[in-house]
Number of protein chains: 2
Amino acid sequence: MASDKGLAAIRLFNRPLYLQVRDALVERIGKGDWKPGMAIPNEVDLAREFGISSGTMRKALDLLEDQRVLTRSQGRGTFVNDHSSAGLVSRFWRISAPDGKPMNGDAKRIEIVEAPANEKERRRLHLGAEDSVYRVRRARWHADRPFVVEEASLPTAHFPGLLERKGIDHRIVGLAQLYGILLGKAEERITIAPAPPSIADTLRVAPDTSVMRLDRLLLTLDGQPVEWRVAHCHLVSGFYLAEIG
Amino acid sequence: MASDKGLAAIRLFNRPLYLQVRDALVERIGKGDWKPGMAIPNEVDLAREFGISSGTMRKALDLLEDQRVLTRSQGRGTFVNDHSSAGLVSRFWRISAPDGKPMNGDAKRIEIVEAPANEKERRRLHLGAEDSVYRVRRARWHADRPFVVEEASLPTAHFPGLLERKGIDHRIVGLAQLYGILLGKAEERITIAPAPPSIADTLRVAPDTSVMRLDRLLLTLDGQPVEWRVAHCHLVSGFYLAEIG
DNA sequence: AAGTGGTCTAGACCACTCA
DNA sequence: GAGTGGTCTAGACCACTTG
(Lines give C-alpha, C1' and ligand atoms only; values in the text may rest on other atoms or scores of the structure.)
Protein backbone atom coordinates (compact mmCIF):
# COMPACT_ATOMS: atom_id res chain seq x y z
CA MET A 1 0.00 0.00 0.00
CA ALA A 2 1.04 3.59 -0.52
CA SER A 3 0.15 4.34 3.08
CA ASP A 4 2.79 2.01 4.51
CA LYS A 5 5.58 3.57 2.55
CA GLY A 6 4.30 7.12 3.02
CA LEU A 7 3.95 6.81 6.75
CA ALA A 8 7.27 5.11 7.32
CA ALA A 9 9.03 7.71 5.23
CA ILE A 10 7.32 10.78 6.63
CA ARG A 11 6.18 10.11 10.15
CA LEU A 12 9.34 10.73 12.13
CA PHE A 13 9.48 10.27 15.88
CA ASN A 14 5.87 9.24 15.78
CA ARG A 15 4.73 12.80 15.53
CA PRO A 16 1.48 12.95 13.56
CA LEU A 17 1.88 14.05 9.96
CA TYR A 18 -0.66 16.86 10.22
CA LEU A 19 1.32 18.43 13.07
CA GLN A 20 4.54 18.30 11.10
CA VAL A 21 2.75 19.87 8.15
CA ARG A 22 1.29 22.58 10.38
CA ASP A 23 4.75 23.40 11.66
CA ALA A 24 6.10 23.55 8.13
CA LEU A 25 3.34 25.98 7.15
CA VAL A 26 3.98 28.08 10.27
CA GLU A 27 7.64 28.27 9.34
CA ARG A 28 6.84 29.49 5.85
CA ILE A 29 4.62 32.21 7.22
CA GLY A 30 7.17 33.19 9.85
CA LYS A 31 9.85 33.42 7.17
CA GLY A 32 7.63 35.71 5.14
CA ASP A 33 7.12 33.41 2.15
CA TRP A 34 3.44 34.16 2.53
CA LYS A 35 2.70 37.66 3.74
CA PRO A 36 -0.18 38.77 5.99
CA GLY A 37 -3.32 39.29 3.96
CA MET A 38 -2.11 37.03 1.15
CA ALA A 39 -3.91 33.97 -0.11
CA ILE A 40 -2.04 30.68 0.13
CA PRO A 41 -2.42 27.89 -2.44
CA ASN A 42 -5.58 25.82 -2.35
CA GLU A 43 -5.86 22.67 -0.27
CA VAL A 44 -5.46 20.21 -3.11
CA ASP A 45 -2.32 21.88 -4.48
CA LEU A 46 -0.80 22.13 -1.00
CA ALA A 47 -1.55 18.48 -0.33
CA ARG A 48 0.08 17.48 -3.59
CA GLU A 49 3.11 19.61 -2.85
CA PHE A 50 3.58 17.95 0.55
CA GLY A 51 2.78 14.53 -0.84
CA ILE A 52 -0.08 13.92 1.54
CA SER A 53 -3.81 13.43 1.19
CA SER A 54 -6.04 16.46 1.17
CA GLY A 55 -7.76 15.26 4.34
CA THR A 56 -4.51 15.47 6.26
CA MET A 57 -3.68 18.87 4.81
CA ARG A 58 -7.14 19.98 5.79
CA LYS A 59 -6.56 18.91 9.37
CA ALA A 60 -3.35 20.97 9.49
CA LEU A 61 -5.17 23.99 8.09
CA ASP A 62 -8.01 23.49 10.59
CA LEU A 63 -5.51 23.77 13.41
CA LEU A 64 -3.95 26.93 11.99
CA GLU A 65 -7.37 28.48 11.68
CA ASP A 66 -8.11 27.67 15.34
CA GLN A 67 -4.82 29.27 16.30
CA ARG A 68 -5.77 32.38 14.35
CA VAL A 69 -2.92 32.05 11.90
CA LEU A 70 -5.16 31.59 8.87
CA THR A 71 -8.66 32.50 7.84
CA ARG A 72 -10.51 30.42 5.30
CA SER A 73 -13.60 31.39 3.47
CA GLN A 74 -15.62 29.12 1.31
CA GLY A 75 -15.44 29.98 -2.35
CA ARG A 76 -12.67 32.58 -1.83
CA GLY A 77 -9.60 30.90 -0.46
CA THR A 78 -7.30 30.64 2.54
CA PHE A 79 -5.55 33.78 3.78
CA VAL A 80 -2.72 34.56 6.14
CA ASN A 81 -4.12 36.65 8.97
CA ASP A 82 -3.03 40.25 9.23
CA HIS A 83 -2.63 40.79 12.95
CA SER A 84 -2.46 44.55 12.54
CA SER A 85 -5.92 44.57 11.02
CA ALA A 86 -8.93 45.94 12.87
CA GLY A 87 -10.29 42.55 13.84
CA LEU A 88 -7.07 41.26 15.37
CA VAL A 89 -5.06 44.15 16.90
CA SER A 90 -7.12 44.00 20.07
CA ARG A 91 -6.86 40.26 20.41
CA PHE A 92 -5.08 40.50 23.77
CA TRP A 93 -6.64 43.75 24.90
CA ARG A 94 -9.55 43.02 27.17
CA ILE A 95 -10.52 46.48 28.39
CA SER A 96 -13.87 47.46 27.00
CA ALA A 97 -16.01 50.55 26.82
CA PRO A 98 -19.55 50.32 28.25
CA ASP A 99 -20.81 49.26 24.81
CA GLY A 100 -18.59 46.18 24.97
CA LYS A 101 -16.16 47.26 22.23
CA PRO A 102 -12.44 47.23 23.00
CA MET A 103 -11.26 50.54 24.44
CA ASN A 104 -7.83 50.91 22.90
CA GLY A 105 -7.28 54.59 23.33
CA ASP A 106 -4.22 56.35 21.95
CA ALA A 107 -0.71 55.54 23.05
CA LYS A 108 1.29 58.52 24.37
CA ARG A 109 4.66 59.01 25.94
CA ILE A 110 6.29 55.85 24.70
CA GLU A 111 9.67 55.15 26.22
CA ILE A 112 11.93 52.25 25.33
CA VAL A 113 15.16 51.25 26.97
CA GLU A 114 17.38 48.20 26.78
CA ALA A 115 18.66 46.67 30.00
CA PRO A 116 19.93 43.42 31.50
CA ALA A 117 16.97 41.35 32.63
CA ASN A 118 16.34 41.66 36.35
CA GLU A 119 15.44 38.72 38.53
CA LYS A 120 11.69 38.96 38.02
CA GLU A 121 12.05 39.32 34.28
CA ARG A 122 14.36 36.34 34.09
CA ARG A 123 11.86 34.25 36.00
CA ARG A 124 8.75 35.26 34.11
CA LEU A 125 10.37 35.23 30.67
CA HIS A 126 12.55 32.16 31.23
CA LEU A 127 15.76 34.05 30.57
CA GLY A 128 19.32 33.36 31.62
CA ALA A 129 21.72 35.53 33.58
CA GLU A 130 23.21 37.15 30.48
CA ASP A 131 19.99 37.91 28.65
CA SER A 132 18.66 41.40 28.24
CA VAL A 133 15.25 42.93 27.66
CA TYR A 134 13.61 45.93 26.12
CA ARG A 135 11.46 47.81 28.59
CA VAL A 136 8.59 49.65 27.01
CA ARG A 137 6.55 52.12 29.00
CA ARG A 138 3.46 53.68 27.57
CA ALA A 139 0.28 55.47 28.63
CA ARG A 140 -3.02 55.21 26.86
CA TRP A 141 -5.48 58.04 26.65
CA HIS A 142 -9.19 58.00 26.09
CA ALA A 143 -11.42 61.08 25.92
CA ASP A 144 -8.54 63.39 26.83
CA ARG A 145 -7.62 61.40 29.90
CA PRO A 146 -4.94 58.84 30.64
CA PHE A 147 -6.56 55.62 31.83
CA VAL A 148 -3.82 53.04 31.77
CA VAL A 149 -0.04 52.82 32.12
CA GLU A 150 1.65 49.78 30.64
CA GLU A 151 5.15 48.59 31.46
CA ALA A 152 6.27 45.73 29.26
CA SER A 153 9.45 43.68 29.13
CA LEU A 154 10.47 41.91 25.92
CA PRO A 155 13.45 39.61 25.46
CA THR A 156 15.85 41.41 23.11
CA ALA A 157 16.70 38.11 21.44
CA HIS A 158 13.29 38.05 19.77
CA PHE A 159 13.45 41.61 18.47
CA PRO A 160 16.92 42.37 17.09
CA GLY A 161 17.57 46.01 16.27
CA LEU A 162 14.31 47.22 17.76
CA LEU A 163 15.74 50.51 19.03
CA GLU A 164 16.94 51.51 15.57
CA ARG A 165 13.53 51.14 13.99
CA LYS A 166 11.60 54.36 13.62
CA GLY A 167 7.93 55.08 13.24
CA ILE A 168 6.69 51.63 14.08
CA ASP A 169 3.81 50.53 16.24
CA HIS A 170 5.26 49.27 19.52
CA ARG A 171 2.25 47.24 20.53
CA ILE A 172 3.28 43.64 20.86
CA VAL A 173 0.86 42.43 18.22
CA GLY A 174 2.40 44.64 15.58
CA LEU A 175 5.96 43.93 16.70
CA ALA A 176 5.40 40.20 16.55
CA GLN A 177 4.13 40.44 12.99
CA LEU A 178 7.09 42.61 12.03
CA TYR A 179 9.50 39.99 13.34
CA GLY A 180 7.60 36.98 12.02
CA ILE A 181 6.58 35.78 15.47
CA LEU A 182 3.22 34.06 15.72
CA LEU A 183 1.47 34.69 19.02
CA GLY A 184 -0.35 31.99 20.93
CA LYS A 185 -1.94 32.38 24.33
CA ALA A 186 -1.70 34.80 27.22
CA GLU A 187 -2.41 34.55 30.92
CA GLU A 188 -3.44 37.67 32.76
CA ARG A 189 -3.50 37.97 36.54
CA ILE A 190 -5.82 40.64 37.81
CA THR A 191 -5.63 42.23 41.23
CA ILE A 192 -6.53 45.47 42.93
CA ALA A 193 -3.51 47.47 44.00
CA PRO A 194 -2.66 50.97 45.18
CA ALA A 195 -1.17 52.93 42.29
CA PRO A 196 2.60 53.37 42.73
CA PRO A 197 3.64 57.05 42.85
CA SER A 198 5.00 57.40 39.31
CA ILE A 199 1.97 55.68 37.87
CA ALA A 200 -0.50 57.64 39.98
CA ASP A 201 1.20 60.71 38.61
CA THR A 202 0.80 59.66 34.99
CA LEU A 203 -2.80 58.61 35.60
CA ARG A 204 -3.51 61.88 37.41
CA VAL A 205 -4.94 60.22 40.49
CA ALA A 206 -3.98 60.52 44.14
CA PRO A 207 -1.12 58.23 45.16
CA ASP A 208 -2.37 54.90 46.55
CA THR A 209 -5.68 55.13 44.74
CA SER A 210 -6.95 51.60 44.14
CA VAL A 211 -6.44 50.68 40.50
CA MET A 212 -6.70 47.49 38.52
CA ARG A 213 -3.36 45.78 38.12
CA LEU A 214 -2.99 43.52 35.10
CA ASP A 215 -0.02 41.19 35.05
CA ARG A 216 0.13 39.47 31.70
CA LEU A 217 2.46 36.88 30.23
CA LEU A 218 2.25 36.39 26.49
CA LEU A 219 3.46 33.25 24.76
CA THR A 220 4.29 32.45 21.17
CA LEU A 221 2.51 29.70 19.27
CA ASP A 222 5.21 27.26 20.43
CA GLY A 223 4.84 28.34 24.05
CA GLN A 224 7.88 30.58 24.50
CA PRO A 225 7.29 33.74 26.59
CA VAL A 226 7.66 36.88 24.46
CA GLU A 227 6.24 39.62 26.64
CA TRP A 228 5.68 40.26 30.30
CA ARG A 229 3.53 43.26 30.87
CA VAL A 230 2.21 44.95 33.98
CA ALA A 231 -0.52 47.50 33.42
CA HIS A 232 -2.17 49.75 35.97
CA CYS A 233 -5.59 50.81 34.95
CA HIS A 234 -7.92 53.47 36.27
CA LEU A 235 -11.30 52.62 34.80
CA VAL A 236 -13.98 55.24 35.08
CA SER A 237 -16.59 53.82 32.74
CA GLY A 238 -15.25 50.64 31.14
CA PHE A 239 -14.54 47.15 32.36
CA TYR A 240 -12.22 44.23 31.85
CA LEU A 241 -13.97 41.60 29.77
CA ALA A 242 -12.99 38.02 30.50
CA GLU A 243 -14.30 35.26 28.33
CA ILE A 244 -14.60 31.84 29.87
CA GLY A 245 -15.41 28.60 28.16
CA MET B 1 -24.47 6.42 -4.99
CA ALA B 2 -25.35 5.85 -1.39
CA SER B 3 -24.21 9.37 -0.57
CA ASP B 4 -26.83 11.00 -2.77
CA LYS B 5 -29.69 9.19 -1.12
CA GLY B 6 -28.28 9.51 2.37
CA LEU B 7 -27.67 13.21 2.09
CA ALA B 8 -30.99 14.02 0.54
CA ALA B 9 -32.78 12.01 3.20
CA ILE B 10 -30.87 13.24 6.21
CA ARG B 11 -29.53 16.68 5.56
CA LEU B 12 -32.54 18.85 6.40
CA PHE B 13 -32.48 22.60 5.98
CA ASN B 14 -28.92 22.31 4.79
CA ARG B 15 -27.63 21.94 8.30
CA PRO B 16 -24.49 19.79 8.23
CA LEU B 17 -25.02 16.21 9.28
CA TYR B 18 -22.33 16.27 11.94
CA LEU B 19 -24.06 19.19 13.68
CA GLN B 20 -27.39 17.37 13.68
CA VAL B 21 -25.68 14.30 15.10
CA ARG B 22 -23.95 16.38 17.76
CA ASP B 23 -27.29 17.83 18.80
CA ALA B 24 -28.81 14.36 18.97
CA LEU B 25 -25.98 13.21 21.21
CA VAL B 26 -26.34 16.29 23.42
CA GLU B 27 -30.03 15.55 23.78
CA ARG B 28 -29.37 11.99 24.88
CA ILE B 29 -26.92 13.18 27.49
CA GLY B 30 -29.27 15.93 28.67
CA LYS B 31 -32.09 13.38 29.00
CA GLY B 32 -29.85 11.20 31.11
CA ASP B 33 -29.62 8.22 28.73
CA TRP B 34 -25.88 8.40 29.29
CA LYS B 35 -24.88 9.50 32.77
CA PRO B 36 -21.85 11.57 33.77
CA GLY B 37 -18.80 9.37 34.04
CA MET B 38 -20.28 6.66 31.82
CA ALA B 39 -18.70 5.38 28.63
CA ILE B 40 -20.76 5.79 25.48
CA PRO B 41 -20.66 3.27 22.59
CA ASN B 42 -17.63 3.25 20.37
CA GLU B 43 -17.41 5.39 17.25
CA VAL B 44 -18.08 2.62 14.75
CA ASP B 45 -21.19 1.40 16.56
CA LEU B 46 -22.50 4.94 16.98
CA ALA B 47 -21.92 5.66 13.30
CA ARG B 48 -23.77 2.51 12.32
CA GLU B 49 -26.64 3.36 14.63
CA PHE B 50 -27.01 6.82 13.08
CA GLY B 51 -26.50 5.46 9.57
CA ILE B 52 -23.53 7.71 8.85
CA SER B 53 -19.86 7.18 8.16
CA SER B 54 -17.48 6.95 11.07
CA GLY B 55 -15.66 10.07 9.83
CA THR B 56 -18.77 12.14 10.26
CA MET B 57 -19.49 10.66 13.68
CA ARG B 58 -15.94 11.43 14.61
CA LYS B 59 -16.39 15.06 13.65
CA ALA B 60 -19.46 15.30 15.88
CA LEU B 61 -17.55 13.73 18.78
CA ASP B 62 -14.61 16.08 18.16
CA LEU B 63 -16.94 19.02 18.64
CA LEU B 64 -18.40 17.63 21.85
CA GLU B 65 -14.93 17.10 23.22
CA ASP B 66 -14.04 20.72 22.43
CA GLN B 67 -17.19 21.83 24.23
CA ARG B 68 -16.19 19.77 27.26
CA VAL B 69 -19.17 17.48 27.04
CA LEU B 70 -17.12 14.35 26.37
CA THR B 71 -13.64 13.12 27.08
CA ARG B 72 -12.03 10.56 24.82
CA SER B 73 -9.02 8.51 25.57
CA GLN B 74 -7.23 6.29 23.17
CA GLY B 75 -7.55 2.63 23.96
CA ARG B 76 -10.15 3.22 26.71
CA GLY B 77 -13.22 4.80 25.23
CA THR B 78 -15.40 7.93 25.19
CA PHE B 79 -16.88 9.17 28.44
CA VAL B 80 -19.55 11.67 29.43
CA ASN B 81 -17.89 14.38 31.50
CA ASP B 82 -18.77 14.64 35.15
CA HIS B 83 -18.96 18.35 35.80
CA SER B 84 -18.95 17.87 39.56
CA SER B 85 -15.57 16.17 39.36
CA ALA B 86 -12.40 17.84 40.60
CA GLY B 87 -11.19 18.81 37.15
CA LEU B 88 -14.37 20.54 36.07
CA VAL B 89 -16.14 22.10 39.10
CA SER B 90 -13.98 25.17 38.91
CA ARG B 91 -14.41 25.61 35.19
CA PHE B 92 -16.00 29.04 35.58
CA TRP B 93 -14.24 30.02 38.78
CA ARG B 94 -11.26 32.16 37.93
CA ILE B 95 -10.06 33.26 41.37
CA SER B 96 -6.73 31.69 42.14
CA ALA B 97 -4.45 31.36 45.11
CA PRO B 98 -0.85 32.61 44.74
CA ASP B 99 0.19 29.14 43.53
CA GLY B 100 -2.19 29.45 40.59
CA LYS B 101 -4.69 26.83 41.73
CA PRO B 102 -8.36 27.77 41.92
CA MET B 103 -9.30 29.20 45.30
CA ASN B 104 -12.78 27.84 45.82
CA GLY B 105 -13.12 28.20 49.53
CA ASP B 106 -16.14 26.95 51.43
CA ALA B 107 -19.62 28.25 50.82
CA LYS B 108 -21.40 29.61 53.90
CA ARG B 109 -24.66 31.34 54.59
CA ILE B 110 -26.51 30.23 51.51
CA GLU B 111 -29.84 31.94 51.01
CA ILE B 112 -32.28 31.21 48.21
CA VAL B 113 -35.48 33.04 47.41
CA GLU B 114 -37.86 33.00 44.47
CA ALA B 115 -39.05 36.33 43.08
CA PRO B 116 -40.41 37.93 39.93
CA ALA B 117 -37.51 38.95 37.71
CA ASN B 118 -36.69 42.63 38.05
CA GLU B 119 -35.83 44.81 35.11
CA LYS B 120 -32.10 44.12 35.14
CA GLU B 121 -32.61 40.39 35.47
CA ARG B 122 -35.08 40.37 32.60
CA ARG B 123 -32.62 42.19 30.41
CA ARG B 124 -29.55 40.14 31.23
CA LEU B 125 -31.33 36.78 31.23
CA HIS B 126 -33.64 37.50 28.27
CA LEU B 127 -36.77 36.96 30.32
CA GLY B 128 -40.31 38.20 29.84
CA ALA B 129 -42.49 40.25 32.17
CA GLU B 130 -44.06 37.19 33.82
CA ASP B 131 -40.89 35.20 34.37
CA SER B 132 -39.41 34.65 37.78
CA VAL B 133 -35.96 33.88 39.11
CA TYR B 134 -34.24 32.20 42.02
CA ARG B 135 -31.88 34.53 43.81
CA VAL B 136 -28.98 32.78 45.47
CA ARG B 137 -26.74 34.63 47.87
CA ARG B 138 -23.65 33.01 49.26
CA ALA B 139 -20.35 33.88 50.90
CA ARG B 140 -17.14 31.96 50.43
CA TRP B 141 -14.56 31.57 53.13
CA HIS B 142 -10.90 30.83 52.90
CA ALA B 143 -8.52 30.49 55.86
CA ASP B 144 -11.24 31.51 58.33
CA ARG B 145 -12.11 34.64 56.43
CA PRO B 146 -14.87 35.57 54.02
CA PHE B 147 -13.36 36.72 50.74
CA VAL B 148 -16.23 36.85 48.31
CA VAL B 149 -19.98 37.38 48.28
CA GLU B 150 -21.90 36.06 45.31
CA GLU B 151 -25.39 37.07 44.31
CA ALA B 152 -26.77 34.99 41.48
CA SER B 153 -30.06 35.05 39.59
CA LEU B 154 -31.30 31.93 37.83
CA PRO B 155 -34.44 31.64 35.68
CA THR B 156 -36.86 29.38 37.58
CA ALA B 157 -37.94 27.83 34.28
CA HIS B 158 -34.63 26.00 34.02
CA PHE B 159 -34.67 24.64 37.58
CA PRO B 160 -38.16 23.42 38.49
CA GLY B 161 -38.66 22.56 42.15
CA LEU B 162 -35.27 23.87 43.20
CA LEU B 163 -36.46 25.15 46.59
CA GLU B 164 -37.78 21.73 47.60
CA ARG B 165 -34.48 20.00 47.00
CA LYS B 166 -32.40 19.47 50.10
CA GLY B 167 -28.73 18.88 50.62
CA ILE B 168 -27.60 19.74 47.14
CA ASP B 169 -24.70 21.78 45.92
CA HIS B 170 -26.06 25.14 44.81
CA ARG B 171 -23.12 26.04 42.65
CA ILE B 172 -24.31 26.49 39.10
CA VAL B 173 -22.07 23.75 37.72
CA GLY B 174 -23.64 21.14 39.97
CA LEU B 175 -27.17 22.46 39.48
CA ALA B 176 -26.80 22.36 35.72
CA GLN B 177 -25.70 18.74 35.81
CA LEU B 178 -28.60 17.86 38.12
CA TYR B 179 -31.07 19.35 35.66
CA GLY B 180 -29.41 18.01 32.54
CA ILE B 181 -28.27 21.42 31.34
CA LEU B 182 -24.99 21.55 29.45
CA LEU B 183 -23.06 24.74 30.04
CA GLY B 184 -21.29 26.60 27.28
CA LYS B 185 -19.51 29.92 27.64
CA ALA B 186 -19.48 32.75 30.12
CA GLU B 187 -18.61 36.42 29.90
CA GLU B 188 -17.33 38.15 32.99
CA ARG B 189 -17.06 41.92 33.35
CA ILE B 190 -14.56 43.01 35.92
CA THR B 191 -14.50 46.41 37.57
CA ILE B 192 -13.36 47.99 40.79
CA ALA B 193 -16.21 49.18 42.94
CA PRO B 194 -16.82 50.33 46.52
CA ALA B 195 -18.35 47.49 48.50
CA PRO B 196 -22.08 48.11 49.15
CA PRO B 197 -22.92 48.22 52.88
CA SER B 198 -24.44 44.76 53.23
CA ILE B 199 -21.57 43.19 51.35
CA ALA B 200 -18.91 45.13 53.22
CA ASP B 201 -20.54 43.80 56.35
CA THR B 202 -20.36 40.17 55.21
CA LEU B 203 -16.79 40.63 53.99
CA ARG B 204 -15.82 42.36 57.27
CA VAL B 205 -14.34 45.36 55.56
CA ALA B 206 -15.09 49.06 55.97
CA PRO B 207 -18.01 50.27 53.82
CA ASP B 208 -16.86 51.66 50.47
CA THR B 209 -13.63 49.66 50.50
CA SER B 210 -12.57 49.08 46.91
CA VAL B 211 -13.30 45.50 45.95
CA MET B 212 -13.30 43.56 42.72
CA ARG B 213 -16.73 43.36 41.18
CA LEU B 214 -17.36 40.40 38.89
CA ASP B 215 -20.46 40.54 36.72
CA ARG B 216 -20.86 37.23 34.95
CA LEU B 217 -23.38 35.94 32.46
CA LEU B 218 -23.38 32.21 31.90
CA LEU B 219 -24.83 30.60 28.80
CA THR B 220 -25.90 27.07 27.99
CA LEU B 221 -24.34 25.15 25.13
CA ASP B 222 -27.09 26.49 22.85
CA GLY B 223 -26.48 30.03 23.96
CA GLN B 224 -29.38 30.60 26.37
CA PRO B 225 -28.54 32.60 29.52
CA VAL B 226 -28.84 30.43 32.65
CA GLU B 227 -27.19 32.48 35.33
CA TRP B 228 -26.43 36.10 36.00
CA ARG B 229 -24.09 36.49 38.92
CA VAL B 230 -22.55 39.52 40.58
CA ALA B 231 -19.71 38.77 42.97
CA HIS B 232 -17.83 41.19 45.17
CA CYS B 233 -14.42 39.98 46.03
CA HIS B 234 -11.90 41.14 48.61
CA LEU B 235 -8.63 39.52 47.56
CA VAL B 236 -5.81 39.62 50.04
CA SER B 237 -3.42 37.17 48.45
CA GLY B 238 -4.99 35.70 45.33
CA PHE B 239 -5.80 37.03 41.88
CA TYR B 240 -8.28 36.67 39.07
CA LEU B 241 -6.77 34.55 36.32
CA ALA B 242 -7.91 35.40 32.80
CA GLU B 243 -6.84 33.22 29.93
CA ILE B 244 -6.64 34.83 26.51
CA GLY B 245 -6.20 33.23 23.15
C1' DA C 1 -5.58 -10.72 22.12
C1' DA C 2 -9.44 -7.86 21.85
C1' DG C 3 -11.23 -3.43 21.82
C1' DT C 4 -10.78 1.44 21.83
C1' DG C 5 -9.69 6.00 19.83
C1' DG C 6 -6.15 8.42 16.47
C1' DT C 7 -4.27 8.97 11.88
C1' DC C 8 -4.41 8.78 6.98
C1' DT C 9 -6.04 7.92 2.37
C1' DA C 10 -8.49 8.81 -2.17
C1' DG C 11 -11.86 9.93 -3.71
C1' DA C 12 -17.19 12.28 -4.65
C1' DC C 13 -20.17 15.86 -4.28
C1' DC C 14 -22.12 20.34 -2.17
C1' DA C 15 -22.07 25.45 -1.22
C1' DC C 16 -20.22 29.56 -2.09
C1' DT C 17 -17.65 33.61 -4.51
C1' DC C 18 -16.39 36.11 -8.25
C1' DA C 19 -15.33 37.33 -12.83
C1' DG D 1 -18.55 28.52 -15.21
C1' DA D 2 -14.23 28.05 -13.00
C1' DG D 3 -12.24 27.80 -8.66
C1' DT D 4 -12.44 27.71 -3.76
C1' DG D 5 -13.36 25.66 0.81
C1' DG D 6 -16.97 22.44 3.34
C1' DT D 7 -19.09 17.94 3.91
C1' DC D 8 -19.22 13.06 3.60
C1' DT D 9 -17.89 8.36 2.57
C1' DA D 10 -15.64 3.69 3.21
C1' DG D 11 -12.32 1.96 4.12
C1' DA D 12 -6.91 0.65 6.13
C1' DC D 13 -3.72 0.80 9.49
C1' DC D 14 -1.42 2.70 13.95
C1' DA D 15 -1.15 3.50 19.08
C1' DC D 16 -2.81 2.63 23.27
C1' DT D 17 -5.32 0.31 27.32
C1' DT D 18 -7.06 -3.52 29.55
C1' DG D 19 -8.05 -8.21 30.75
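Chain identifiers are assigned alphabetically (A, B, ...) following the order of the sequence lines, protein sequences preceding nucleic acid strands; residue numbering begins at 1 within each chain. Just the heavy atoms: all of them, side chains too, but no hydrogens, waters or symmetry mates, feed the values below.
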Checklist entry - Is Thr56(A) near enough to dC8(C) that one of its side-chain N or O atoms lies under 4.0 angstrom from OP1 or OP2? => result no

Item to check | Any Asn42(B) side-chain nitrogen or oxygen under 4.0 Å from OP1 or OP2 of dG3(C) | outcome: no

Item to check | All salt bridge (charged side-chain N to carboxylate O under 4.0 Å, His left out) counterparts of Glu187(B), not counting sequence neighbours | outcome: none

Over how many whole Å does the gap from [X] atom [atom1] to [N] atom [atom2] extend?
X        : N      : atom1 : atom2 : result
Asp62(A) : dG6(D) : CG    : P     : 8 Å
Glu65(B) : dG6(C) : CD    : C1'   : 11 Å
Glu43(B) : dG3(C) : CD    : P     : 16 Å
Leu61(A) : dT4(D) : CG    : P     : 14 Å
Arg15(B) : dT7(D) : CZ    : P     : 12 Å
Arg58(A) : dT4(D) : CZ    : P     : 14 Å
Arg22(B) : dC8(D) : CZ    : P     : 13 Å
Leu70(A) : dG6(D) : CG    : P     : 11 Å

Item to check | Pairing of Asp45(B) and Arg48(B) as salt bridge, 4.0 angstrom limit | outcome: yes

Listing, residues 29-37 of chain A side-chain donor-acceptor contacts under 3.5 Å, not counting sequence neighbours, or none:
none

Checklist entry - By side chain to side chain donor-acceptor pair (under 3.5 Å), which residues pair with Thr156(A), not counting sequence neighbours? => result Ser132(A)

From [options], pick the nucleotide closest to the side chain of [X]?
X        : options                 : result
Pro16(B) : dT9(C), dC8(D), dG11(D) : dC8(D)
Tyr18(B) : dT7(D), dT9(C), dT7(C)  : dT7(D)
Lys59(B) : dT7(C), dT7(D), dT9(D)  : dT7(D)

Checklist entry - Does Glu164(A) have any side-chain contact (heavy atoms from CB on, under 4.5 Å) partners at least two apart in sequence or in another chain, and if so, which? => result none

Item to check | All side-chain contact (heavy atoms from CB on, under 4.5 Å) counterparts of Glu43(A), not counting sequence neighbours | outcome: Arg58(A), Leu61(A), Arg72(A)

Item to check | Nucleic acid contacts - residues 71-82 of chain B versus DNA chain D, non-hydrogen atoms under 4.0 Å | outcome: Gln74(B), Gly75(B), Arg76(B)

Checklist outcome for this item: Comparing nearest nucleotides in DNA chain C, the 5'-proximal residue of the pair Ile40(B), Leu19(A) is Ile40(B)

Checklist entry - Does Arg165(A) make a cation-pi contact with Tyr179(A) (under 6.0 Å, within 45 degrees of the axis)? => result yes

